[in-house]
Trainee: 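Below is one structure. I have some questions about it.
What's counted below: heavy atoms across the whole structure, side chains too, no hydrogens, waters or symmetry copies. When a ligand or atom number is given, it counts from 1 through the structure's own listing order. From a predicted model like this one, the values you see are computed outputs, not experimental measurements.
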Amino acid sequence: MTASDLTLVRGVCPHDCPDSCGTLTEVRDGRAVRFSADPEHPITQGWLCAKVRPYLERVYHPDRLRHPLRRVGPKGAGRWERVGWDDAVAEIAARWKQISAEYGAEAILPYSYSGTLGMVQLAVASERLWNRMGASRLERSICGAAAEHAVKLTLGARLAPDYRDVRHSKLVIIWGHNPVSTGPHFMPFLREAQRAGTEVIVIDPRRTRTAQGADLHLAPRPATDGALALGLGHVIVAEGLYDERWLAAHTLGWPELRQRLEEYPPERVAEITGLEAETIVMLARKYATAKPALIKIADGLQRHRNGGQTVRSILTLPALTGQYGLRGGGLAYSASDYVAQALDGEVVSRRAQSPPPGRKVNMNRLGAALLGEASDPPVKALFVFCSNPAAIAPNAGKIAQGLRREDLFTVVHELFMTDTADYADIVLPATSPLEHVDLHRAYGHSLISYNAPAIAPLEESKSNWDVMRLLAEAMGFEEPWLKQSADEIVDDIVLSAAAKSPLFAGITPERLRASGALPLNLPEDFVPFADGRFGTPSGKVELRCARLADEGVDPLPGYIPAFEEGSLDERASDGRLVLISGAAHHFVTSSMANQSSLLAKEGSPFVEIHPEDAQVRGIATGDTVRIENEYGDCELRAVVTDAVRRGVLASPKGFWARFSPDRRNVNWTAPDVLGDMAGQSTFHSNLVRIRRV
Ligand code: SF4
């Protein structure tokens, strides 16, 4: 697709979003002049979200890092000198060798997450070098670990239906999820269904943009969704609306679940959730009688201390009503396992060719780890890429404290000087997705996509993988898989998947490079679980799960309060409110939260508070307020609105601390306590006090 002076390059939006949009970059004289959506991509359909539309602002942002930098002042003072790549790489390798010799390689901790979702620039870059070194590994539990664990243990795999199948749903319950902001390409299909008569119900303590377009919005108290699901199950069973034949054929533990559901009559669930008992009965009847009915969840509702069990409880509902495997019914969570099941993990990680894996450090406990929780050996070196933990991780004040340690050697590879890079010893400039090769799988659909570089790396920027290759060489590692180019890795991943799985039949690296995105080889009429087979040990939906019992978790879905008794009762409030910090509409976590046009649209960091909660505290819209708890505090702008239910505060995540007058953000109050499954983060199980400053 080239004209004499214009090149059109197909790429992929790499950000942490289920849609993995296809993109087109127009390049003239080596410069990207236009960035837009691929009209031929079946999910993207020619439009990009508000966050990514002005993407060239990000690529050519005046604050892009252009050269490696070395700290010359105290940590966090912002004084740097320019160094060459050779010097920077030699210094990093020398420090790592010295630390390894003295403390062992586990004293080195790489920290990365979803700044890009690419299989080369994130997955391979997070594995190969670090496995070869025997460095500490990250327990990747900041996002959806509990839900993933719950879904895998209950259903065997994360296999969401195609977005387009929502046309067949009679009812859609969107539960603790705001796809208008966090997965917007589902919405045109939902709206089309709605116009054709599908009823849409949103369950969320906040009236989100998605809730505004729903036919019905229910706002239970935060972290009570599990009790609500069990209450719905109670009504479905009590009123004989369940599918006994399906339960007998396809589930394990139905008799035990039936007994458990007896504990959740609507009156008790009403007390817990703050919804009316009649509303719970109405919702149960609607759900059980509108076949097919789809339940769509994401990761917000499981970022609680009881998040794993919340998801387990919700997963019982399509089983009770025999909805798994119905087109337009069942569960829409994540499509990640289509590709994951086909991949050869060894090609990504090279674990079998490396020393035994290093110890794991839970990424939600970074501050604690830096301050001594990881003590054998202590963390002496940190390498951060694809993430900005000082802004996005819980208990951010503790992280800042840890990053200030004079004996910690920190390297940050980034596009911008972030809250984390502020504390680095060495900062390395990273490429944007327009400047490097990558391969993408999606977690919202089953297309696999190739990202071709559209322009040369900006000044001295290098891709994640190119930096890993340089560091591997400087460390003296000779393995050929540490020297491969990104395109050679793409070839290996695709060809090994094609050899392993019929899902990759006909998918070749050449076709991917020519087409941009290709669908996996699923049958045309494919619906997950339509064959009645689940990838669990029993082959059934495991309502009772023995493996959870082995982990010390209740093997049956159940509800354990996330907060101490009484703290959610608005009438007897001790003054604390539950703070939820969901996604901003204009940022992807902290990515893009330094672009002035998007900051202007999102507004300065704010917190929403219900008018009655505001009145008793003398708070008005526009006031500067301080939120605080035992973890820390930060100042925000108050927005008084009935969009949040009483007892709840909502403040979007992603704002960078370095742009706020108090140099803090909402995560200074976020607990670093772990949830009930898989070391999950618990951002929303956050009780705070709020007062006018
Ligand atoms: S953030 Fe999501 S919706 Fe926006 S362009 Fe990227 S993939 Fe598409």
Trainee: Hey, could you give me the OH/CG distance between Y450 and D487, rounded to the nearest 0.5 Å?
Mentor: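 Rounded to the nearest 0.5 Å, the OH-CG separation comes to 3.5 Å.
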Trainee: How are the rings of H445 and H41 set relative to one another: parallel (under 30°), tilted (30 to 60°) or perpendicular (over 60°)?
Mentor: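 Because their plane-to-plane angle is over 60°, the rings of H445 and H41 count as perpendicular.
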Trainee: Pick one: which of D63, V412, L65 meets side-chain contact (heavy atoms from CB on, under 4.5 Å) with M417?
Mentor: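 Only one of D63, V412, L65 forms a side-chain contact (heavy atoms from CB on, under 4.5 Å) with M417, namely L65.
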Trainee: If you measure from CD on Q595 to NE2 on H61, what distance do you get to the nearest 0.5 Å?
Mentor: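 Taking CD in Q595 and NE2 in H61, the distance rounds to 6.5 Å.
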Trainee: Once rounded to the nearest 0.5 Å, what's the spacing between atom NE2 of H413 and atom CG of L428?
Mentor: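 That separation rounds to 6.0 Å.
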Trainee: Which of the atoms in ligand 1, numbered in the order shown and given with their element, are less than 4.0 Å from a heavy-atom of H185?
Mentor: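 Going through ligand 1 atom by atom, the ones under 4.0 Å from H185 are 3 (S), 8 (Fe).
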Trainee: Below 2.8 Å, which protein N, O or S atoms neighbour atom 6 (Fe) of ligand 1, ignoring water?
Mentor: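 Only C13 SG fall inside 2.8 Å of atom 6 (Fe) of ligand 1.
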Trainee: Going by the atom numbers of ligand 1, which of them fall below 4.0 Å from some non-hydrogen atom of P184?
Mentor: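 Under 4.0 Å from P184, ligand 1 has these atoms: 3 (S).
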Trainee: Kindly write out the residues that satisfy ring-ring contact (aromatic ring centres under 6.0 Å, His included) with F186, not counting sequence neighbours, or none if the list is empty.
Mentor: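 F186: ring-ring contact (aromatic ring centres under 6.0 Å, His included) contacts with Y163.
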Trainee: For the CD1 atom of I455 and the OG1 atom of T431, what is their distance to the nearest 0.5 Å?
Mentor: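 Here the interatomic distance stands at 10.0 Å.
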